[in-house]
Amino acid sequence: QAKSCGRNESRFFSSEMNQLAQERLRLENALREALQDNQLHLHYQPQIDLASGRLYGVEALARWTHPEFGVIPPVRFIPLAEECGLIGDLGRWVLREACRQLAAWRAAGLSVPAVSVNLSPTSFHNLDLPGMISDTLARNALDSADLTVELTESVLLDTHPSTMKTLTEVHARGVRLSMDDFGTGYSSLSYLRRLPVSELKLDRSFVADLEHDEAARALSGAILGIGKSLHLTVVAEGVETPTQNEMLREQGYPVAQGYLFSQPLPPDEFARWLGTAVEDGAPG
Ligand code: C2E
Ligand code: MG
Ligand code: MG
Ligand code: MG
């Protein structure tokens, strides 16, 4: 086994490793334990339909609080999971947990239209992914339209032969694919012709600069134009201020997500947020 994730490898190499590498191995082992011991959680961030002010969907975001190391952010543990071969397990867990939660909210009478989950490029290597998704939806009595799968442009740098087949099959089953962090990747726009995506997420770096940078404004408008002409939903990410929200609304953005509406929340807090938002008339 080439990849080191187990305790034996850690013991074997420790004499020659510097402290940083040892710490990393401890974290790898901790992540494996976390997946087994339910130390991972999902937080949910609302996505708002700007025309109606209603909830469009929620994005599930993974959270890890280690009993000793404390909160470890996804930008640290997701790459770690990829490198030590745990990303498949993590992706499956996220899918199951997000679907279970959506079904639970609905059973409790909350109206949550859909859930989005993030999957890493490696997850699309697995030809079993479409079947796994269908099984998970069925087990929770959900429809394929209840789920969106977010992928990043790095999926396209990845030349694994199964990726396109898996994406096509997931789409064929009626699950929406969403291109995350759109506009920041390295790929050319031509992939939008080949990939069966239904949604683009305008990267939050554009939104952050909207108010002060004319180029960011021009690009957010242009990206909306691309999305519209390809009949894709375009979601603006990282909306933090009322001014950003107003500018996006004026440009014609259909959906927005960001701290202005809510941070990603644990399920019970999200349910409270939704209750309050609905009482107030419209979220955001
Ligand atoms: P992402 O999918 O683009 O998720 C959006 C990130 O922006 C989240 O960070 C979210 O908390 C943050 N965010 C939301 N609204 C705002 C805002 O108004 N301002 C700012 N500054 N940030 C905002 P988070 O949760 O730390 O996740 C970071 C990245 O880690 C995600 O980016 C995604 O690529 C990855 N990730 C998170 N959960 C998962 C997961 O379950 N699986 C995989 N494969 N990746 C995940
Ligand atoms: Mg995302
Ligand atoms: Mg994003
Ligand atoms: Mg991202």
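Counting begins at 1 with the first residue of the sequence. Quick note: numbers below take in every heavy atom, side chains included, and nothing from hydrogens, waters or symmetry partners. We count ligands from 1, going down the list as the structure has it; atoms in each ligand are counted the same way.
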Passes side chain to side chain donor-acceptor pair (under 3.5 Å), Arg100 versus Thr136? Steps please. CA-CA 8 Å; Arg100 187 202 61 75; Thr136 305; over 6 Å; no

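- Using a 4.5 Å heavy-atom cutoff, the side chains of Pro266 and His41 are not in contact.
- Atom numbering of ligand 1 starts at 1 in the shown order; those under 4.0 Å from a heavy atom of Val94 are 41 (O).
- In the vicinity of Ser120, heavy-atom distances shorter than 4.0 Å reach the ligand 1 atoms 44 (N).
- Annotation for ligand 1: atoms under 4.0 Å from non-hydrogen atoms of Gly258 are 15 (N), 18 (O).
- Salt bridge Glu83/Arg24: present, at least one basic N to carboxylate O contact under 4.0 Å.
- Residues Phe261 and Trp273 place their aromatic rings such that the two centres sit no closer than 6.0 Å.
- Heavy-atom contacts of Pro264 reach the following atoms of ligand 1: 11 (O) (cutoff under 4.0 Å).
- Not a single heavy atom of Gln263 sits closer than 4.0 Å to an atom of ligand 1.
- Using the six-membered ring where Trp is involved, Phe182 and Tyr191 have ring planes that are perpendicular, over 60° apart on the 30 and 60° scheme.
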Check against side chain to side chain donor-acceptor pair (under 3.5 Å), Thr152 and Ser154: CA-CA 5 Å; Thr152 55; Ser154 55; 2.7 Å; yes

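- Using bins of under 30°, 30° to 60° and over 60° for the plane-to-plane angle, the ring pair Trp64/Phe77 lands in the perpendicular bin.
- Below 4.0 Å from some heavy atom of Asp180 lie the following atoms of ligand 1, by number and element: 1 (P), 2 (O), 3 (O).
- If you look at Asp181 and ask which of its N, O or S atoms sits nearest the Mg ion (ligand 3), the answer is OD1.
- Contact atoms of ligand 1 toward Gly238: 16 (C), 17 (C), 18 (O) (distance under 4.0 Å to a heavy atom of the residue).
- Within Asp180, the N, O or S atom at minimum distance from the Mg ion (ligand 3) carries the name OD1.
- The option from Val75, Leu42, Asn118 that lies nearest to atom 40 (C) of ligand 1, judged by heavy atoms, is Asn118.
- The side-chain heavy atoms of Thr148 and Leu177, taken from C-beta on, include no pair separated by under 4.5 Å.
- To the nearest 10 degrees, the angle centred on the Mg ion (ligand 2) between OD1 in Asn118 and OE1 in Glu150 reads 90°.
- Residue Gln45 approaches ligand 1 through these ligand atoms, each under 4.0 Å from one of its heavy atoms: 14 (C), 15 (N).
- The Mg ion (ligand 2) lies closest to atom OE2 when only the N/O/S atoms of Glu59 are considered.
- For Arg173, the CZ atom sits in a packed shell: over 12 heavy atoms of surrounding residues, nucleotides or ligands are nearer than 6.0 Å.
- Checking Leu61, Asp203, Thr152 against atom 31 (C) of ligand 1, the nearest heavy atom belongs to Leu61.
- Between atom 5 (C) of ligand 1 and the options Arg63, Glu237, Glu240, the minimum heavy-atom separation is to Glu237.
- Geometrically, ligand 1 and Gln257 share no nitrogen or oxygen pair separated by less than 3.5 Å.
- Gln244 places a side-chain N or O within 3.5 Å of a backbone atom of Glu240 that can act as its donor or acceptor partner.
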